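Remember, it's 1-based here, ligands and their atoms both numbered in the order they're listed. Computed from heavy atoms alone, side chains included, the values below leave out hydrogens, waters and symmetry copies. Here, residue 1 is the first one in the sequence, and each next residue gets the next number. Just so it is clear, the model here is predicted, and its values are computed rather than measured.
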Amino acid sequence: MKKFIVVGSGITGSVIARNLADAGFLVSVYEKRNHIGGNMYDYEKDGILIHKYGPHIFHTSKENVYEYMSKFWKLNNFKNIVEGYVDNKLVPIPFNFKSIDICFEEKAEEIKNKLLNLYPNQDTVTILELRKNNDPLIKKVAEFVYKNLFLNYTTKMWNLKPDEIDDSVTARIPVVLSYRNTYFKDKYEGLPEEGYTKTFEKILDHKNIEVKLNTDVTKLIKFKNNKIFIDDENETLIYTGPLDKLFNDKFGSLDYRSLHFEFDTLSQEHFQKTAVVNYPADPKMTRITEYKNMTFQSDKTKTIISKEFPGTYNEKSDKWNEPYYPLATEQARTKYQQYFNYAKQFDNLFICGRMGLYRYINMDQAIDEALTKSKEILEYARKK
Ligand code: UDP
């Protein structure tokens with residue numbers, strides 16, 4: 001019987017493992033860490049559920065993704081509402097009409113009317129687009145938002161100016177042309193009521209799946225002709241980790257941004273009003289998350305917050321040793337492409353996921369692509 005090895009138990013690896021197992025194949029999932037779930041992993045600290053790798057808020061408009069995940073989780077009613085300190089005032093982020101009211105006071109009405117006239121039938125406008133506008137008042141607003149919301153935050157997040165990274169990155173947080181104050185505008189949003197880790201336990205709970213934790217496959221990998229394998233050449237490898245590690249840094253290390261989190265347990269019911277508060281002006285920290293505000297746990301005596309500090313990924317760093325974000329520059333992508341092209345020679349290898357494909361994608365995109373990839377792998381398996 002054909003054997004599949006899935007490397008990585010994050011959302012991509014777990015969904016693919018489950019689909020192969022459901023189709024009757026035996027799957028071994030190899031995980032380097034001491035837990036499943038990738039960066040979605042959550043656990044209880046002092047009785048409060050926290051996200052080890054920072055806040056993960058699921059949102060999607062993809063019906064197929066929503067339907068598939070509903071087999072494993074029930075989402076709570078959390079909707080992400082973010083505020084941030086802009087020019088020392090706490091305002092809604094994305095920057096919206098209320099943010100304009102707060103920051104521009106007597107000019108606010110004129111600004112909002114102009115925006116509605118300039119961008120009719122448009123729900124949002126990206127900061128890069130807004131900066132191209134020639135109207136003097138709108139230009140002033142665009143420069144204000146650029147300077148106070150994007151420039152410093154993006155520079156500390158990526159170590160690059162907003163115009164040095166791919167436009168799609170800042171486009172994730174456009175200026176909203178209404179009073180809508182939700183961070184996302186997808187049809188479905190929330191956190192799994194039982195948590196992410198419990199969800200992964202359910203996905204991987206199948207008689208055809210075995211999970212091996214604390215196993216770094218990059219140390220076990222063998223190459224022979226056009227095959228890549230661990231035990232024997234008939235295996236099919238589904239790899240969701242960073243490609244430089246699979247090939248022993250052959251073409252140099254890939255560039256990632258990393259995050260360092262400082263968690264604090266505080267003896268108070270709440271620390272902040274919303275789950276996430278952004279600090280664009282802070283020299284090092286990007287945001288503070290209060291987990292109870294997204295899980296709705298009701299402990300009156302304490303709460304847990306995490307402060308988020310971005311940095312350059314380096315596996316030897318004491319703070320920034322996990323790759324979180326593939327760098328969205330052409331140079332970084334070109335380096336990655338070398339690995340991807342090299343990998344094509346192995347005909348029993350499938351590369352997928354945010355790490356494997358070196359793309360800044362959300363959880364729902366990862367699930368959607370894992371569902372498509374599962375079909376492709378099953379077709380391949382049935383043909384062999
Ligand atoms: N961003 C910013 N200021 C903010 C929020 C976001 O400049 O207050 C920019 C920054 O470049 C960031 C990107 O928008 O990396 C995407 O933000 P998002 O909140 O989607 O990042 P994620 O939650 O994926 O880390």
Side-chain angles (χ1 to χ4, degrees), residues 11 38-40 51 53-60 78-96 99 102-103 124-131 142-176 181-186 189 191 255-261 272 274-289 291 294 306-313 320 322-329 332 354-355 359-366:
I11 193 66
N39 286 2
M40 287 161 74
H51 297 178
Y53 304 94
H56 280 72
I57 298 152
F58 179 80
H59 55 101
T60 194
F78 175 69
K79 297 265 171 300
N80 196 19
I81 291 172
V82 176
E83 295 186 327
Y85 287 96
V86 170
D87 199 21
N88 291 320
K89 299 175 191 97
L90 194 59
V91 307
I93 293 179
F95 209 81
N96 68 5
S99 318
I102 296 171
C103 296
T124 59
V125 53
T126 67
I127 186 62
L128 296 176
E129 203 182 335
L130 200 63
R131 286 184 84 208
E143 288 317 305
F144 175 90
V145 176
Y146 180 80
K147 182 167 160 275
N148 291 294
L149 186 64
F150 285 97
L151 185 57
N152 193 46
Y153 188 113
T154 300
T155 310
K156 72 188 154 188
M157 177 68 211
W158 297 97
N159 201 24
L160 292 166
K161 300 250 166 61
D163 25 14
E164 291 171 329
I165 48 172
D166 196 90
D167 291 358
S168 61
V169 176
T170 52
R172 291 167 64 92
I173 315 300
V175 170
V176 174
N181 67 347
T182 50
Y183 206 63
F184 308 115
K185 49 179 259 192
D186 282 317
E189 182 176 348
L191 266 65
D255 300 311
Y256 293 93
R257 291 301 283 170
S258 183
L259 298 174
H260 171 67
F261 292 93
Q272 60 194 29
T274 52
V276 180
V277 174
N278 286 8
Y279 290 80
D282 189 280
K284 294 193 171 137
M285 178 178 72
T286 46
R287 51 193 174 190
I288 297 184
T289 300
Y291 293 88
M294 52 174 91
S306 67
K307 294 179 177 164
E308 203 166 322
F309 301 90
T312 303
Y313 164 70
W320 293 290
E322 293 284 354
Y324 278 81
Y325 299 85
L327 210 61
T329 64
R354 173 161 159 152
M355 285 297 121
R359 283 173 40 226
Y360 182 8
I361 54 172
N362 294 332
M363 290 181 273
D364 69 325
Q365 290 169 276

Going by the order shown, which atoms of ligand 1 are within less than 4.0 Å of some heavy atom of Tyr325? 22 (P), 24 (O), 25 (O)
Heavy-atom nearest neighbour in the protein, as seen from atom 24 (O) of ligand 1, with distance rounded to 0.1 Å: Tyr360 OH, 2.6 Å
Atom 8 (O) of ligand 1: the protein heavy-atom neighbour that sits closest, reported with distance to 0.1 Å: Asn278 ND2, 2.9 Å
Could you find the nearest protein heavy atom to atom 15 (O) of ligand 1 and give me its residue, atom name and distance? Trp158 NE1, 2.8 Å
Taking 4.0 Å as the limit for heavy-atom contacts, which would you say applies to Leu151 with ligand 1: side chain only, backbone only, both, or neither? neither
Side-chain donor/acceptor of Ser99 to backbone N/O of Pro92, under 3.5 Å: yes
Side chains of Gln272 and Glu83: closer than 4.5 Å at any heavy-atom pair? no
Would you check if Trp158 and Pro310 make a side-chain contact, meaning some heavy-atom pair closer than 4.5 Å? no
Heavy-atom nearest neighbour in the protein, as seen from atom 1 (N) of ligand 1, with distance rounded to 0.1 Å: Tyr153 CD2, 3.7 Å
To which protein heavy atom is atom 18 (P) of ligand 1 closest, and what is the distance rounded to 0.1 Å? Tyr183 OH, 3.7 Å
Classify the ring geometry of Tyr313 against Tyr256: parallel below 30°, tilted from 30° to 60°, perpendicular beyond 60°. perpendicular
So which protein heavy atom does atom 20 (O) of ligand 1 come closest to, and at what separation? Arg172 NE, 2.8 Å
Any ion pair linking Glu308 and Arg287 (charged N to carboxylate O, less than 4.0 Å)? yes
Would you mind listing which atoms of ligand 1 come within a distance below 4.0 Å of any non-hydrogen atom of Met157? 15 (O)
For Tyr291, does its backbone N or O pair with a side-chain atom of Thr289 as donor and acceptor, under 3.5 Å? no
For ligand 1, which atoms have a heavy atom of Thr154 less than 4.0 angstrom away? 2 (C), 7 (O), 9 (C), 10 (C), 11 (O)
Considering non-hydrogen atoms of the protein only, which is the closest contact for atom 13 (C) of ligand 1, and what is the distance? Val169 O, 3.6 Å
So do the side chains of Leu191 and His51 get within less than 4.5 Å of each other, counting heavy atoms only? yes
Under 4.0 Å from ligand 1, counting heavy atoms only, is it the side chain of Arg287, its backbone, both or neither? side chain
I need the Asp87 CG to Phe144 CZ distance, nearest 0.5 Å. 4.5 Å
Mind telling me whether Tyr360 and Tyr325 have parallel, tilted or perpendicular rings, with 30° and 60° as the class edges? perpendicular
May I ask you to identify the nearest protein heavy atom to atom 6 (C) of ligand 1, giving residue, atom name and distance to one decimal place in Å? Ile173 CG1, 3.6 Å
